[in-house]
Amino acid sequence: MGNSSSSISPYTVHVKTGDRKGAGTDATVKIRLISKEGQVSNELKLSRFWKNDHERGQIDSFPMGLSELSFDFSDIDKLELWRDSFGLGDNWYLDLITIENNKTKQMFHFPAQRWIKADTRYVFRHYDTSLPQYDDCPEQRNEELLSKKRLYEYAVNFSGAPAQVKKLPEDESFSDSYKWDIVVNKMNLLKESRVLSAVSGVREYFESFGDLKKLYRQTSTMGVPISMRNWTNDLWFAIQRLQGCNPVLLALATRIPPNLNVDPDVVKELLGGLSLDSAVKAQRIFIVDLKILGNLPCPEGRKVCSPIALFYLDEKRQDLLPLCIQLFQIPSGDNPVFYPTDPPYAWLLAKMWYNNADAAYHQSCTHLGFTHLMMEGIAVCTHRNLSPSHPLFKLLAPHFLFLLAINTRGLQKLINPGGWVDKTTTMGCNGMFEIVKRGVKAWRLDVHAVPAVEIARRGVLDKTVLPYYPYRDDAVAVYEAIEKYVKSMVEHFYDSPEKVEEDGELQSWAAELVKSKKRGGCGIRGVPGNGKFTDVEQIIVTMTAIISTCSLGHAAANFNQYDEYGFPPNYPGILCGQVPTQKVLFK
Ligand SMILES: [Fe+2]
């Protein structure tokens, strides 16, 4: 805050300049306030010659006296703002203006979140939030939307990919503080990895698990991943399906797939004398079938399995345990079914190859495809169709923060030929794109972005069927909390079906969300109303599903990755050896 004269002025105007490239200005800025009755205040200059006001990320405060504001302060409806083109850096990104009553401490917020052009009069309503049909400055609103449409264009970066932004708009770049955090983290980790490699003597390959484990004792930044203690344990392997970073695949088995060549005698022994059919009928058998990974194009010499695994609830229905793993879809002599009763290293290796496949799906679909790329297309569609003054834009915008910048950076630096994905994953870049393409083809907003629907489809929503399933319990509860908030906001602005019908921005957003990518749309399937909203319920589901995917969906896929991938044998992104084809005694 740059001024202390608030003690003698009845009001203070706080001006926040955005933290983005080129946001600051040397221009002279002026405002006027307009009351609900149409009274207009005198002009107030928000620039001082001897001060460097309106710099990037800065908040500047200006006293406002009774000479400028003669009417009742609590009655302010609008704020009019303009600037000249003085100075070298005259571009200005205005984030927010807040007017403070110094006596009562009451605050009046006028969020702008816009680039302010020179010699143009802008009008901001209190809270700057209205449906387009009630905006009394429609020209300003339409002009802004037209320029956003030129800035946010669609592109499809690889065959079958979700719609993304053609060119990253400057506004989407990381802020200075965010970039600084990334640089600091990267420097710390690089420093640590150099120290580690000097101390351990390991250059490229580890000779033993002991060598690998030593690393975690010598590092402090990231700590020891939980999985290092548990990774060989069968109970842990099942728990990974319930609370790991990919907890969205386990389904109740209603039948055993004919291509799973399971041995009834071995299974019966594991099930305490119960046949597999009886256990299925008793709802004690669960399945993950990763057939989506079949015949994946991988880098030379590498192969991702397309496994089927069965799990079972123990007799007390307390613990989930693995029953068997078949690593490829077509049964054959060199594609055996592995059991926990097999030689220990044969079974352990089967679990590792299973997890390697699970990790390929996790990074390609659960994480990148569904929470990053699908949401990028929706963010682009939102910028193109909803004005920053639209209440739904305001609701969505925080969830898209830096999403486009992260995706653009990821595609340039990580998922590029010869980049991180090619170096550290079995699937490689092309394999990842192929899985994204297959996953996205089946993705529906009203299913995959609504946890209760998606989990019910897998038959595991009912707690009596699967008692311990933390992802389900948390995801459903968090989704409901988001829904409650969204509902209150949506019902506040749309208190009649006419308001939904007459909102041109909302309807064009709905239409473009479902319009095919070939025809210049976003190509999202499963949007309620299929391109035209007719009631508030459809808006609530759509909004909640998007916010839920960007928040809880991404959190579930992202935030416990270190505990899964951090100790590679537990959840290997890459395996360089041969997939086991028999159960010889491994050393
Ligand atoms: Fe992420």
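Worth knowing before you read on, the calculation uses all heavy atoms, side chains too, and leaves out hydrogens, waters and symmetry mates. When a ligand or atom number is given, it counts from 1 through the structure's own listing order. Residue numbers count from 1 along this sequence.
Excluding waters, the set of protein N/O/S atoms under 2.8 Å from the Fe ion (ligand 1) reads His367 NE2, His372 NE2, His554 NE2.
Interatomic distance, OH of Tyr93 versus CD of Gln113, reported as 5.5 Å (0.5 Å rounding).
For the 3.5 Å distance criterion, the side chains of Gln243 and Tyr468 qualify, holding a donor opposite an acceptor.
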(request) Check step by step if side-chain hydrogen bond (donor to acceptor under 3.5 Å, both in side chains) holds for Asp128 and Ser389. (result) CA-CA 5 Å; Asp128 182 41; Ser389 299; 2.8 Å; yes
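By the neighbour-count criterion of 12 heavy atoms within 6.0 Å, atom NZ of Lys148 is densely surrounded, having more than that number from other residues, nucleotides or ligands.
In this structure Met489 satisfies the side chain to side chain contact (heavy atoms under 4.5 Å, CB included) test together with Pro391, Leu395, Phe493, sequence neighbours excluded.
Here the side chains of Thr17 and Asp95 are not in contact, with every heavy-atom distance at 4.5 Å or above.
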